[in-house]
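Note sheet for the following structure.
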Amino acid sequence: MRTVEALESNVRSYSRSFPAIFSRARGSIMLTEDGRQIIDFLSGAGTLNYGHNNHQIKAAITQYLSSDAVVHGLDMATPAKLQFMETFSSVILRERDLQYRFQFTGPTGASAVEAALKLSRKVTGRQNIISFTHGYHGMSLGAIAASGNRFYRAGSGASLPGTTFMPYDGYLGETVDTADYLRKMLMDESSGVDRPAAILVETVQGEGGINVASKRWLRSIEALAKNVGALLIVDDIQMGCGRTGEFFSFEFAALSPDIVVLSKSLSGYGLPLSMLLIKEEIDAWRPGEHTGTFRGNNLALISGTAAIDLYWGDRTFSEGVRRMGDLMRRRLEVIASQYGNAFAVRGRGMAIGFDCQVADIAETTARKAFEKGLMVERCGPLDQVVKFLPALTIDCDTLNRGLEIFEISLADTVKQTRLAVTGS
Ligand SMILES: *Cc1c(COP(=O)(O)O)cnc(C)c1O
């Protein structure tokens, strides 16, 4: 760690929360150089939905590598790309009655978000983007402009124009329908809000604190976008690829977004791969108008194809994710109930947040958990929510062991906090 501290920029973050040197990993277990085993409930912020070094996916890429097939070919056609698009179309899209074109963007989620914003502006000839309180869309300027977090916004050092923030579902309490509010603001010719090119939304806000939008709210937003001639963009970077129990996080609400943004677990292996799904009628790009060196990396397309073939051919995997999600949620609710109304549990599928309300409790709990062998991250505007994103392939035993470590760490933290309060 001393090398890291001396040589790596101050900007490093996860190596502060999890101070260890991680040498190997498999499934839901990471090994540190000094021989500790850590249960991973972070999963690369939702990048490792199928676990670390998933052996079946690995077989596909090692075979690809050893055959001298093309690894980098800009966005030229390769068998790897054809196979990915064909598999994705038949296994994922056709099964769900969805029809999209594929746009492979630069490898990060943020590059895909940028492309989505740019395309919406181009298609509609409008500039404004509606995004939501506590939303997170990435670190490039366009994506930060659509993200709520003041720390990141200030860090950009630039003005961040082109977006209007509206309250997300539940932001103003249970009794206020914020979709009604948005409708009013967009339909009123004198509300001061410019006609939007797009409404950009996460169906569950990952970084924002595991805030869950309801089916009714999402459907209202979709209808409203149509009404005002704006595109609906679902940022499914963190909640897509099975995280909520279905491949797309918007399936439960039967949405048909104009653009879907995918990244994180899309390659199935932690390799960088991002893409947009865009409706054919809005594919207004001119050839080469949006480009990039690392678009649709072939190795990532191979692992992405293998993941779809392995897990999405039928409903079994999906049902398993929902079952495990229920199990997690129930257990976390039981833990929360031991503390009266101090904590709240929310989420969908295997994306669950445990809201400690107080940043200190979340921080201390996560730190203690790591000391005891569990990696969990925090999210939310104050980092007050402990975020559970285990691999979707985790076994019950490891899942329960992880939850037990969390339970003990929380109990320790609360006891210590109470002592501190009574002591002062
Ligand atoms: C992680 C994330 C992004 C940004 O992806 P990067 O690869 O970090 O650029 C955007 N939107 C959501 C919802 C994310 O979770």
Side-chain angles (χ1 to χ4, degrees), residues 11-14 42-49 104-118 120 129-149 151-153 155-156 160 163 165 168-169 198-213 218 232-244 247-250 255 257 259-277 292-297 300 304 347-353 377-381 383 385 387-389 392:
V11 81
R12 69 192 174 86
S13 62
Y14 289 106
L42 168 58
S43 304
T47 306
L48 296 160
N49 280 1
F104 298 98
T105 65
T108 68
S111 13
V113 169
E114 293 295 336
L117 300 182
K118 197 162 145 184
S120 317
I129 304 288
I130 300 294
S131 56
F132 294 96
T133 51
H134 296 188
Y136 180 78
H137 302 287
M139 281 293 113
S140 52
L141 288 184
I144 291 189
S147 303
N149 189 297
F151 175 63
Y152 293 138
R153 294 179 68 85
S156 74
L160 300 168
T163 48
F165 282 84
Y168 192 70
D169 192 14
I199 300 181
L200 170 63
V201 69
E202 299 159 86
T203 67
V204 178
Q205 294 182 320
E207 298 308 300
I210 310 291
N211 307 311
V212 184
L218 289 165
L232 178 70
I233 308 173
V234 171
D235 180 344
D236 230 4
I237 291 177
Q238 189 163 150
M239 292 301 149
C241 302
R243 179 49 63 186
T244 63
F247 188 85
F248 297 111
S249 72
F250 53 81
L255 302 186
I259 304 180
V260 182
V261 193
L262 291 170
S263 181
K264 290 207 165 90
S265 274
L266 182 61
S267 79
Y269 202 76
L271 295 170
L273 178 67
S274 299
M275 73 176 182
L276 300 185
L277 298 172
T293 305
F294 289 108
R295 283 173 297 152
N297 179 273
R348 207 145 64 71
M350 286 177 76
I352 314 262
E377 218 336 39
R378 290 166 296 131
C379 61
D383 275 346
V385 180
K387 179 161 88 164
F388 294 83
L389 294 180
L392 308 181

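Every number for a ligand or one of its atoms is a count from 1 in the order of the listing. Predicted model, so just to flag it, every value in this text is computed and none were measured.
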Response to the item:
G138 heavy atoms within 4.0 Å reach ligand 1 at atoms 4 (C), 10 (C)

Discussion item. Considering non-hydrogen atoms of the protein only, which is the closest contact for atom 11 (N) of ligand 1, and what is the distance?
Written reply: D235 OD2, 2.7 Å

Item to complete: Return the residue, atom name and 0.1 Å-rounded distance of the protein heavy atom closest to atom 6 (P) of ligand 1.
Response: G109 N, 3.4 Å

Discussion item. Side chain or backbone, does E207 bring an N or O within less than 3.5 Å of an N or O on ligand 1?
Written reply: no

Worksheet item: What do we get for M139 next to ligand 1 when only non-hydrogen atoms under 4.0 Å count, side chain, backbone, both or neither?
Response: neither

Practice prompt. Quick one: look up the protein heavy atom nearest atom 9 (O) of ligand 1 and list residue, atom name and how far away it is.
Written response: A110 N, 2.8 Å

Worksheet item: Considering residues, nucleotides and ligands other than F294, do more than 12 of their heavy atoms fall under 6.0 Å from its CZ?
Response: no

Practice prompt. Measure the shortest side-chain to side-chain distance between M139 and Y152 over non-hydrogen atoms and say whether it is less than 4.5 angstrom.
Written response: yes

Discussion item. If we only consider heavy atoms of K264, is any one of them less than 4.0 Å away from an atom in ligand 1?
Written reply: yes

Fill in: Flag side-chain contact, heavy atom, 4.5 Å: L117 against I233
yes

Item to complete: Classify the contact between T108 and ligand 1 as side chain, backbone, both or neither, using a heavy-atom distance cut-off of under 4.0 Å.
Response: both

Worksheet, complete the sentence: Sorted by chain and number, sequence neighbours left out, side chain to side chain contact (heavy atoms under 4.5 Å, CB included) with S265 holds for N49, C241

Practice prompt. Go through the structure and list residues passing salt bridge (Lys or Arg N to Asp or Glu O under 4.0 Å) with K387, not counting sequence neighbours.
Written response: E207

Worksheet entry | Side chain to side chain, Q238 and L389, heavy atoms closer than 4.5 Å | yes

